[in-house]
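All residue numbers refer to positions in the sequence shown, counting from 1.
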Amino acid sequence: MSLKRSKPIDRLYQNVSAYDLVIVPDSPLADALNRRLERPHFGPFAITPRRLATRRRETAEDRTAFLEVIDETELSWKQIAYTVGNVLQCWEYRGTPDSILEYDAFDTPATRTVVDIVESMDTSSRLLADYQIDIGIDESVAVVGERQLTNLERSILPDEYDSIDRFTEDTFALPPFRIFESSAAIVDAILDTVTRENADNIGIVLDASSEYSPLVESALDTAEIPYYGGPGFMENRDHRAFVQLLRCTTAGSDTRVQSVKPLLSCLGATVPIDHDEKRLSDVDDPDVEWLREFTDQATALTFEETLQAYEDRTGHSLEAFRSELADLNLLAEPITSEAIDRLTFYLETYEVPIDRDNEGILLADAKSASFVDRPVVFYLGLDEEWTHSSPKRPWVDRDEEYDRNIDSFQSLLQSGVEQYYLVQDAAGGSPITPCLYFEELLKTDFEQFSDLESIRHARTDRTTGDGFERESLNATVEPDHVETISQSSLNTYANSPRDYFFGRLVDNPDKHYFVEGNYFHDFAEFVANHPRFVDDDRIAAVVDVMIEETRAFYREVDLETRRTRYRAGLETICEYLEDNAPSDTTVLTPSSGWDTNFFAEYFGRDVDSPATEHWFEDDELRLKGKIDLVQSPTQLVDFKSGSKNSPSQVTKYTSIDEPSDKSDFQALLYLTYWRQRCPDERLEFTFFHFLETLDDIVTGDASIGDCLTTVTYHPETFDEFAQSQTVFDELREDAANDCNKTFSKTSYETYLTAFDVHDVPRTRDADEMAASPFGEALRERLIDDVGEYKYVNNGCMQAFRHLCGYRKEGYFVEDIDKFERFVDDQLEQLNQYRRGEDRFPVDGRAGEPNYRYVNNRDMLLTQTRSTRDDSQDEAAAMAPTEQSEGRR
């Protein structure tokens with residue numbers, strides 16, 4: 001792989017050292033040549049056209065022009081920014097400011113206004129247009145990389161000068177790409193190389209808008225390695241927080257704590273994660289009191305008063321921001337949404353200059369630099385985001401622009417004595433496309449970096465300091481062994497073991513549906529204990545309490561809707577319990593009393609029925625949980641505020657053989673435990689979805705039956721059950737028509753003969769049962785006994801559907817037995833992960849997690865990387881312990 005060889009900086013200096021003036025296309029190259037000047041020299045030696053014409057450091061003239069135009073016109077800021085950009089760009093390519101008016105689409109009153117203002121300003125373009133290099137008889141001028149100069153820059157050149165090519169006739173052998181598994185691994189590799197002592201010898205080229213930028217900056221900050229060309233004006237923590245403070249003043253009452261966490265942090269407020277999803281205005285926490293009070297009075301404040309308030313609160317001076325507000329004439333303006341939008345637009349459109357200490361590692365933007373004067377240069381990413389987007393304007397020659405960009409790219413890749421290209425081959429399961437310029441330069445087919453000459457690197461161990469404080473563990477200490485598991489933990493573990501792991505380590509914010517669900521459950525328990533005490537007035541009081549307790553989650557406009565929802569749910573619970581009060585609770589032991597009931601405390605009454613919120617923990621079965629209602633010795637009930645599932649969905653989600661991505665083992669787990677107590681009884685588990693009929697309640701057509709989903713446990717195997725007289729009678733009387741007709745013409749004994757030779761297959765699929773040996777045998781016997789009629793074949797198929805229906809709507813002995821073994825296997829696997837024998841995997845039993853049910857999505861990193869240290873960390877966590885060369 002080869003490119004045109006760019007002249008090394010020392011060789012280029014030798015080519016131009018004898019000239020009096022050297023014109024170069026960019027400042028880093030000029031600075032590099034000037035640093036090598038070996039003789040006394042009066043005036044500039046190597047310099048860019050703009051700096052030569054202005055005699056000052058280059059500045060962003062589009063921002064300067066924008067600030068001038070907003071003072072002199074009534075045009076909108078967006079229109080000014082768009083027009084100023086077009087005028088200056090056309091000037092650069094065509095050589096005069098009014099040349100834009102030659103294009104009909106751009107000959108507008110706004111453009112003419114901007115042209116008039118910009119022409120009269122001392123912008124670098126104005127000075128450049130008026131400048132001409134004046135050389136004496138004995139003076140000489142060299143121009144390096146003339147093709148990279150724009151038309152306006154070329155306009156200052158004298159009649160006679162020597163053009164010096166930046167490239168030689170030789171080729172440059174591109175070093176191999178070094179492929180890493182993640183961006184973090186690339187940053188680690190850099191930190192293995194750089195130190196504070198060698199920082200001045202190292203340059204890093206990256207896409208300033210990529211993930212590498214914050215990763216590199218934070219890593220260097222942590223390692224206390226100096227660098228420059230890094231964070232811009234709006235990457236300053238206080239600057240971002242001040243803009244967020246402005247936004248808070250007009251955001252309204254629906255502002256959530258989570259959305260202002262960075263601002264609260266800057267204000268010195270530490271708000272528990274519990275409040276993250278609550279409205280700021282309704283959070284009862286002293287740490288947010290200042291912000292609440294400030295936003296209430298902010299409509300009467302100006303930008304300057306708001307800035308002063310922020311400075312007083314934080315103790316930080318924001319003079320640079322104050323200066324920008326003054327330039328924008330915003331200091332005295334009142335805080336309004338429109339004014340904040342204008343400020344935000346300005347900060348997003350223009351890079352505000354900041355003072356930098358030019359020492360340490362140089363961070364250079366891949367789209368701005370064409371040369372880096374450092375002995376060692378790292379290039380990060382080199383993906384398609386490195387490709388320039390040529391302006392789509394009629395005055396731009398796209399081919400010429402492309403040639404200019406590709407020359408800059410070739411030159412940039414050869415900066416330094418040593419070059420290291422650090423890349424990723426894939427991310428998120430998709431290949432990363434190399435920069436499109438490689439297609440033109442390498443003349444070979446490729447889709448990703450591994451198709452080119454490359455070296456793969458594994459992530460290495462690296463220590464940059466003490467890190468977090470750690471407590472040393474004795475080598476004999478083992479992680480806690482998980483003895484029992486609840487249905488919710490088992491569901492999470494089945495979906496993603498990694499999510500389960502992080503759920504044990506980190507807290508999550510309160511969710512409105514959890515809070516509401518807890519109040520509904522407490523009310524149901526209270527009603528079951530005191531059915532006659534709860535009347536309409538007390539239901540109204542409960543609704544008021546729930547509205548007040550959940551107010552922080554909802555807008556004021558939503559509260560009446562919630563009130564209707566709460567009342568409907570509470571009345572449905574009362575209606576159900578009135579007809580289905582717990583019976584025969586003498587076999588139950590009282591609950592442990594480890595939890596409290598909100599409404600018991602609110603109304604000053606005890607809830608002591610063992611039938612409600614019945615806690616169990618069975619060491620033999622290794623199961624634990626809390627049953628909402630033991631309606632009778634053979635009937636369990638769980639109250640649900642979510643959407644209703646059918647019995648077939650319930651059993652599908654508990655499948656062991658065909659894992660579901662919506663695993664929900666609650667019914668199966670509770671029936672498994674209850675079977676231990678009532679081993680020979682037919683048991684029922686009912687989900688009571690008390691909000692399922694909300695719409696029907698409003699119209700007066702609600703039925704409690706529509707809220708119920710019941711699955712049944714049969715205390716026998718499915719094979720035994722299917723052979724029973726009860727099932728045969730149902731096939732004769734309660735199945736579909738052809739099935740009833742067929743089985744009414746045969747005998748129970750004929751039906752049993754099919755079971756004598758074959759077992760019933762364990763399947764929920766009727767077609768699969770029909771194709772099984774059992775299905776073929778039953779069909780043959782019915783045809784022999786009844787006759788070879790069409791209705792007999794159809795009736796057999798209906799019988800298979802009926803038999804599979806039992807499997808879809810309930811459980812049998814083998815299902816419970818298999819679940820018990822499944823729980824043992826899952827706990828053994830879980831404890832292996834806790835011991836550090838392997839990592840907690842991201843994928844669950846059904847493969848990739850169902851992310852709708854993941855609680856810690858941001859922590860589930862899916863890229864492959866070295867895992868040994870991570871597994872050790874997880875095990876430990878479970879142990880019983882406590883504008884020069886600058887980038888912008």
### Message
To the nearest 0.5 Å, what is the distance between CG on Asp701 and OG1 on Thr693?
### Response
10.5 Å

### Query
So, do Phe774 and Phe755 have ring centers that fall under 6.0 Å from each other?
yes

### Task
Mind listing the closest non-hydrogen atom pair of Met859 and Val506 along with its distance?
CE-CG1, 3.7 Å

### Heavy-atom pair with the smallest gap, counting every atom of Leu669 and Ser486
CD1-C, 4.1 Å

### Query
What residue pairs, at least two apart or across chains, pass salt bridge (charged side-chain N to carboxylate O under 4.0 Å, His left out) with a residue in residues 787-816?
Arg762-Asp815, Arg807-Glu814, Arg807-Asp815

### Task
Please lay out, stage by stage, how Gln487 and Asn491 fare under the test side-chain hydrogen bond (donor to acceptor under 3.5 Å, both in side chains).
CA-CA 6 Å; Gln487 59 91 13; Asn491 294 341; 3.0 Å; yes

### Query
Measuring from Tyr519:OH to Asn597:CG, what's the distance to the nearest 0.5 Å?
11.0 Å

### Query
Parallel, tilted or perpendicular for Tyr673 and Phe616, by the 30°/60° rule?
parallel

#### Entry: Between Tyr713 and Tyr811, ring centroids under 6.0 Å
no

### Side-chain donor/acceptor of Asp785 to backbone N/O of Arg781, under 3.5 Å
no

### Message
Would you say that Asn645 contacts Phe687 through its side chain, given a criterion of any heavy-atom pair below 4.5 Å between the two side chains?
### Response
no

### Query
Could you give the distance from CZ (Arg567) to OG1 (Thr572), rounded to the nearest 0.5 Å?
11.0 Å

### Task
Compare all side-chain heavy atoms of Asn495 with those of Tyr500 and state whether any distance is below 4.5 angstrom.
no

### Query
How are the rings of Phe743 and Tyr751 set relative to one another: parallel (under 30°), tilted (30 to 60°) or perpendicular (over 60°)?
perpendicular

### salt bridge (charged side-chain N to carboxylate O under 4.0 Å, His left out): pairs with one or both residues in residues 628-650, sequence neighbours excluded
Asp638-Lys640

### Query
Does Asp696 reach the side chain of Ser703, with side-chain heavy atoms less than 4.5 Å apart?
no

### Query
Do Phe520 and Tyr566 come within less than 4.5 Å of each other through their side chains, counting heavy atoms only?
yes

### Message
Tell me if a side-chain donor or acceptor on Ser496 pairs with a main-chain N or O of Asp499 at a distance below 3.5 Å.
### Response
yes

### Query
Can you list every salt bridge (charged side-chain N to carboxylate O under 4.0 Å, His left out) pair that touches residues 706-719, not counting sequence neighbours?
none

#### Entry: Tyr493 OH to Ser663 OG distance, which is reported to the nearest 0.5 Å
12.5 Å

### Query
Atom CD1 in Ile704, atom CZ in Phe690: separation rounded to 0.5 Å?
11.5 Å

### Query
Which heavy atom of Thr742 sits nearest a heavy atom of Tyr791, and at what distance?
OG1-O, 3.4 Å

### Backbone of Asp765 reached by a side-chain donor or acceptor of Thr763 within 3.5 Å
yes

### Query
Does Thr726 offer a backbone N or O that forms a donor-acceptor pair with the side chain of Asp729 under 3.5 Å?
no

### Task
Apply salt bridge (charged side-chain N to carboxylate O under 4.0 Å, His left out) to Glu658 and Arg764, showing your working.
CA-CA 11 Å; Glu658 300 178 5; Arg764 295 162 52 99; over 6 Å; no

### Message
Looking at Glu483, is its backbone amide N or carbonyl O close enough to the side chain of Arg622 to form a donor-acceptor pair, meaning the two atoms are under 3.5 Å apart?
### Response
yes

### Task
Mark yes or no for whether Asn831, through its side chain, and His481, through its backbone, hold a donor-acceptor pair below 3.5 Å.
no

### Task
Please lay out, stage by stage, how Asp843 and Glu848 fare under the test side chain to side chain contact (heavy atoms under 4.5 Å, CB included).
CA-CA 5 Å; Asp843 288 353; Glu848 183 180 17; 4.2 Å; yes

### Task
Give a yes or no on whether the backbone of Leu621 and the side-chain of Asp618 come within a donor-acceptor separation of less than 3.5 Å.
yes

### Query
Looking only at heavy atoms, which two atoms of His614 and Pro610 are closest? And how far apart?
ND1-O, 3.0 Å

### Query
Does a side-chain N-to-carboxylate-O contact under 4.0 Å join Lys626 and Glu525?
no

### Task
Applying ring-ring contact (aromatic ring centres under 6.0 Å, His included), name anything that partners Tyr554, two or more places apart in sequence or on another chain.
His512

### Message
For a 4.5 angstrom cut-off between non-hydrogen side-chain atoms, does Gln725 reach Phe728?
### Response
yes

### Message
Ignoring hydrogens, what is the shortest heavy-atom contact between Asp276 and Pro509? Give both atom names and the distance.
### Response
CB-CB, 3.6 Å

### Query
Is there a side-chain contact between Leu629 and Leu577 (heavy atoms, below 4.5 Å)?
yes

### Message
Please confirm whether the ring centroid of Phe599 lies under 6.0 Å from the ring centroid of Phe526.
### Response
no

### Query
Do Thr492 side-chain atoms and Ser488 backbone N/O form a donor-acceptor pair below 3.5 Å?
yes

### Any pair counted as ring pair (Phe, Tyr, Trp, His ring centres under 6.0 Å), so long as it reaches residues 640-664, sequence neighbours left out
none

### Query
If only atom types and distance count, is the side chain of Asn529 paired as donor or acceptor with the main-chain N or O of Ser609 below 3.5 Å?
yes

### Query
With a 3.5 Å cut-off and no angle check, do the side chains of Glu617 and Thr484 form a donor-acceptor pair?
yes

### Query
Has Lys652 got more than 12 heavy atoms of other residues, nucleotides or ligands less than 6.0 Å from its NZ?
no

### Task
Determine whether Phe685 and Thr710 make a side-chain contact, defined as any pair of heavy atoms from C-beta on separated by less than 4.5 Å.
no

### Query
What distance separates Thr654 OG1 from Lys818 NZ, expressed to the nearest 0.5 Å?
11.5 Å

### Message
Restricting to ring-ring contact (aromatic ring centres under 6.0 Å, His included), what partner residues turn up for His802, sequence neighbours left out?
### Response
Tyr806

#### Entry: Least distance between heavy atoms, Val842 atom then Pro497 atom
O-CD, 4.1 Å

### Query
Can you find a heavy atom in the side chain of Leu490 that is under 4.5 Å from one in the side chain of Phe822?
yes

### Task
Determine, for Arg852 against Asp661, whether the closest basic-nitrogen to carboxylate-oxygen distance falls under 4.0 angstrom.
no

### Expected output: side-chain Gln635 to main-chain Ser632 donor-acceptor under 3.5 Å
no

